Each structure stands twice: as C-alpha cells, then as structure tokens.
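The structure under discussion appears below in the form of structure tokens.
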Amino acid sequence: MQKVVIITGASSGIGFDTAKLLAEKGYIVYGIARSKIETDLFFSKQVDVTQADQLMKAFKEIYDKEKQIDIIINNAGMGISGSIEYTDESDIIDIFNVNFNGLHYVIQKALPYLRESKGKIINVGSVAGPLSIPFQGFYSASKAAVETYTQALAIELKPMHIQVCTVLPGDIKTNFTKNRRKNKNESLLYKERVDQSIGVMAKDEENGMSSQYAAKVFLKLVKKKRMPLSKTIGFKYKIFILLNKVLPKRFVVWIIGKLYGFTNIKNKG
Ligand SMILES: NC(=O)c1ccc[n+]([C@@H]2O[C@H](COP(=O)([O-])OP(=O)(O)OC[C@H]3O[C@@H](n4cnc5c(N)ncnc54)[C@H](OP(=O)(O)O)[C@@H]3O)[C@@H](O)[C@H]2O)c1
C-alpha cells in the first residue's frame, strides 16, 4: 500500500527536493508551505505551520481523501542573525514560532492519524543545535530545542509504535541563506562581527551539500524499518558531532569562536 507523507516547508530547498524524490519513489506526498507551491510533482496545501487551526483542517482534508497519514517530515524553518543582546522579542517569538512551536503544532495535530498508522515523525534540527553558533544564537537555541523535544517524544510515543528521529543537516545550498533575516536593531557594538560571521556562514552554505543529497537521506529514513533517534547529514558534520561529544566543551566553544566569533575585532560602541 502506498504510504502518505506530509512534508512542511516544501516550497523550496530541502523540503521541495525531498517531496519530489519521495513522490518519484511512489509515495503519496503532500507538501506544505505558506506560499502556493506551483508543481504537479506532488500535492500541496497552503498552510502556515504556526497556525494550528490551519494544520488541523489540512490534515483532516488529507485523511478524508487518502484514509491514512503515515509519515510527517517537519522541515519548515527560518533563520534570524544578530547578537543575542540586540535581538528583539518579536524576532525571538517569530523564530521559535516557526522552528519549534510550529513543529509541535504539526505533531500534535497529526498524532491521532499517526497512532492509527503506527507512523513516523522526522523533525529537522541542525548541526547548529548541538554546536551553538554565535550571532545565530536564537536559531541554535530553537534547533537544540527540537532535539531535546524529540528525545522526550520518542519515549512518550514508544508504546504507540510511532518512531521519531531528529535530522541534523550540515550546510546545504538552499534559499535559507538569502531568506535568513537580520535582527531589527543591531548595535555598532557587534555589527562588524555579525557581518563577518554571517558572511562566513553564508559562504559555508553556498559551498554546502545539495538539497538533492539531503533528500536521499530522508528517503532512507522513510524506508527504514527502525529509524535512528538522530541522523546527521554530511560526513564532515558527523565528525563534528562526534568531537562535540568527546572533547571538553571549553575547547569546542574555543574552536567555534575562532571560526565564527571574530573576537579580535574591537567594538565600535
Ligand atoms: N540550508 C542549510 O544549510 C540548513 C542547515 C541545517 C538545517 N536546515 C534546516 O532545514 C530546513 C529547511 O531549510 P532549507 O535550507 O530548505 O531552507 P529554505 O529553502 O528557506 O526553505 C524553508 C521552507 O520553510 C517554509 N516555511 C517557512 N516558514 C513557514 C511557515 N510559517 N509555515 C510553513 N512553511 C514555512 C518555506 O516556505 P514558505 O516561505 O513558502 O512558507 C520554505 O519552503 C529548515 O528547518 C532549516 O532550519 C537548513
């Protein structure tokens, strides 16, 4: 029987290519995004993941038509750059609403269907969750929250035979880089360091893996009889995650500071 997969954030990047690949492989795919997804490769719904009522309506429509929902891929996400000190509450609310609360609303509204299908939930975190990055502090915090939430969820859902996994992508070339927002009111105390740091991150992403490569990792997870609890995308990033576990935290933070901190730049405030 064909499995029904719902993927959030399917209008571009990782989400679009995963939706396309799964549809090509015979899954019934519904892609979700705020914008209208102009494609006949898979079905789509115009839904904002921060709006629980929109999700509930969309899932009911999908279930009424397909009679099952088997797999949820929680991929919608956004980034905001800037210093922690000068990030406004509205920006913090926005990023947590999409990257964390939205992901939770999706799961909450999908669970009644997943219980029936004994389905799977795949949550997209980031290598920037365990390896917290300066001037993207709230992004890192939102992705770290996804990982800890998913661990607790795994235990709560075990008796219901619903498997969960956090996927930690490394740098991937997508629209994420151009869509990354700047905080509204950066201070001269940080501005030069923020700009340098974000420049390095943007370059890493531009030179990153393809979203088609990431899509293949999602396909493998979807097909797997038993998913791992966590899956990092990219060999180099698997090494980083391993080193983060074994090296002293102080040393890990020192290295990240060297790469992205620009602590040698004097403030202008
Ligand atoms: N690219 C990387 O290097 C990288 C690395 C680690 C993790 N990730 C994570 O991978 C995921 C996908 O990112 P990407 O790189 O493919 O970026 P992307 O090309 O910018 O795609 C983001 C997707 O999320 C959707 N989205 C954003 N807000 C939404 C909302 N409120 N409701 C519904 N959909 C929403 C966007 O569609 P609309 O704007 O049309 O709503 C878009 O389809 C994100 O969670 C990101 O944090 C990316």
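Just so you know, ligand 1 is whichever comes first in the structure, and atom 1 is the first atom listed for that ligand. From a predicted model like this one, the values you see are computed outputs, not experimental measurements.
- Glu186 has no carboxylate O lying under 4.0 Å from a charged side-chain N of Lys191, or vice versa, which leaves the two without a salt bridge.
- Counting heavy atoms closer than 4.0 Å to ligand 1, residue Val49 contributes atoms from both its backbone and its side chain.
- Contact annotation: for Val47 versus ligand 1, heavy atoms closer than 4.0 Å belong to the backbone alone.
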Report task. Determine, stepwise, if the pair Phe138 / Ile80 fulfils side chain to side chain contact (heavy atoms under 4.5 Å, CB included). Result -> CA-CA 7 Å; Phe138 290 100; Ile80 294 180; over 6 Å; no

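- The closest approach between Lys143 and ligand 1 falls below 4.0 Å for a heavy atom of the residue.
- On a distance-only criterion, Ile14 and ligand 1 share at least one N/O pair closer than 3.5 Å.
- If you take NZ on Lys109 and CD on Gln51, they are separated by 12.0 Å, rounding to the nearest 0.5 Å.
- When Phe16, Tyr105, Tyr139, Phe176 are ranked by how near their heavy atoms come to atom 8 (N) of ligand 1, first place goes to Tyr139.
- At distances below 3.5 Å, at least one donor-acceptor pair connects side-chain atoms of Asn75 with backbone N or O atoms of Gly9.
- Contact atoms of ligand 1 toward Asn75: 10 (O), 11 (C), 12 (C), 44 (C), 45 (O) (distance under 4.0 Å to a heavy atom of the residue).
- Closest to atom 4 (C) of ligand 1 by heavy atom, among Gly170, Gly208, Ser126, is Gly170.
- Scanning the protein heavy atoms around atom 40 (O) of ligand 1, the nearest turns out to be Ser35 OG, 2.3 Å.
- Taking distance alone, with nitrogen or oxygen atoms compared against 3.5 Å, Thr50 stays at or beyond that limit from ligand 1.
- Ion pairing between a basic and an acidic side chain is recognised when a charged N comes within 4.0 Å of a carboxylate O; Asp70 and Lys118 show no such pairing.
- Only the backbone of Ala10 comes within 4.0 Å of ligand 1, counting heavy atoms alone; no side-chain atom from C-beta on gets that close.
- Residues Leu103 and Asn74 share a closest heavy-atom pair of O-ND2, 3.3 Å.
- Panel note: side chain Glu66, backbone Ile28; no donor-acceptor pair is recorded below 3.5 Å.
- For atom 21 (O) of ligand 1, the nearest protein heavy atom (residue, atom name, distance) is Ser12 OG, 3.3 Å.
- Every atom of ligand 1 with a heavy atom of Asn179 under 4.0 Å away is listed here by number and element: 20 (O).
- The atoms of ligand 1 that sit less than 4.0 Å from any heavy atom of Asp48 are 30 (C), 31 (N), 32 (N).
- The nearest protein atom to atom 34 (N) of ligand 1, hydrogens excluded, is given as Ala76 CB, 3.6 Å; this is a heavy-atom distance.
- Considering Ile122, Val222, Val167 in turn, Ile122 is the only one that fulfils the side-chain contact (heavy atoms from CB on, under 4.5 Å) rule with Met227.
- The residues Glu147 and Lys143 are annotated as not salt-bridged, no charged nitrogen and carboxylate oxygen being separated by less than 4.0 angstrom.
- Listed by atom number, the atoms of ligand 1 under 4.0 Å from Asp171 heavy atoms are 3 (O).
- Judged by the shortest distance from any of its heavy atoms, Thr8 lies outside the 4.0 Å radius around the atoms of ligand 1.
- Regarding atom 22 (C) of ligand 1, its nearest protein heavy-atom neighbour is Gly77 O, 3.7 Å.
- Residues Asp91 and Lys184 are paired through a salt bridge, judged by an N-O separation under 4.0 Å between the basic side chain and the carboxylate.
- Ring geometry, Tyr113 versus Phe59: the interplanar angle exceeds 60°, so the pair is classed perpendicular (tilted spans 30 to 60°).
- For Asp53 and Lys57, the salt-bridge test fails: no basic side-chain N is under 4.0 Å from an acidic carboxylate O.
- Atom CG of Asn123 and atom CD1 of Ile107 lie 4.0 Å apart (nearest 0.5 Å).
- Proximity of Val98 to ligand 1, defined as any heavy-atom pair under 4.0 Å, is confined to the side chain (atoms from C-beta onward).
- By the criterion of a heavy-atom distance under 4.0 Å, neither the backbone nor the side chain of Met78 is placed next to ligand 1.
- Between Glu61 and Lys65, none of the side-chain N atoms (NZ, or NE/NH1/NH2) sits under 4.0 Å from a carboxylate O, so this pair counts as no salt bridge.
- For atom 25 (C) of ligand 1, the closest heavy atom belonging to the protein is Gly9 CA, 3.4 Å.
- The aromatic rings of Phe100 and Phe96 lie perpendicular to each other, with more than 60° between the two planes, well past the 30° mark.
- In this structure, Gly79 falls outside the shell of residues with a heavy atom less than 4.0 angstrom from ligand 1.
- Nearest to atom 27 (C) of ligand 1 among the protein's heavy atoms is Arg34 NH2, 3.5 Å.
- Every atom of ligand 1 is numbered from 1 in the order shown, and the set under 4.0 Å from a heavy atom of Gly13 is 16 (O), 19 (O).
- Heavy-atom contacts of Gly125 reach the following atoms of ligand 1: 7 (C) (cutoff under 4.0 Å).
- For atom 37 (O) of ligand 1, the closest non-hydrogen atom of the protein is Ser11 OG, 2.9 Å.
- Ranking protein heavy atoms by distance to atom 15 (O) of ligand 1, first place goes to Thr174 OG1, 2.6 Å.
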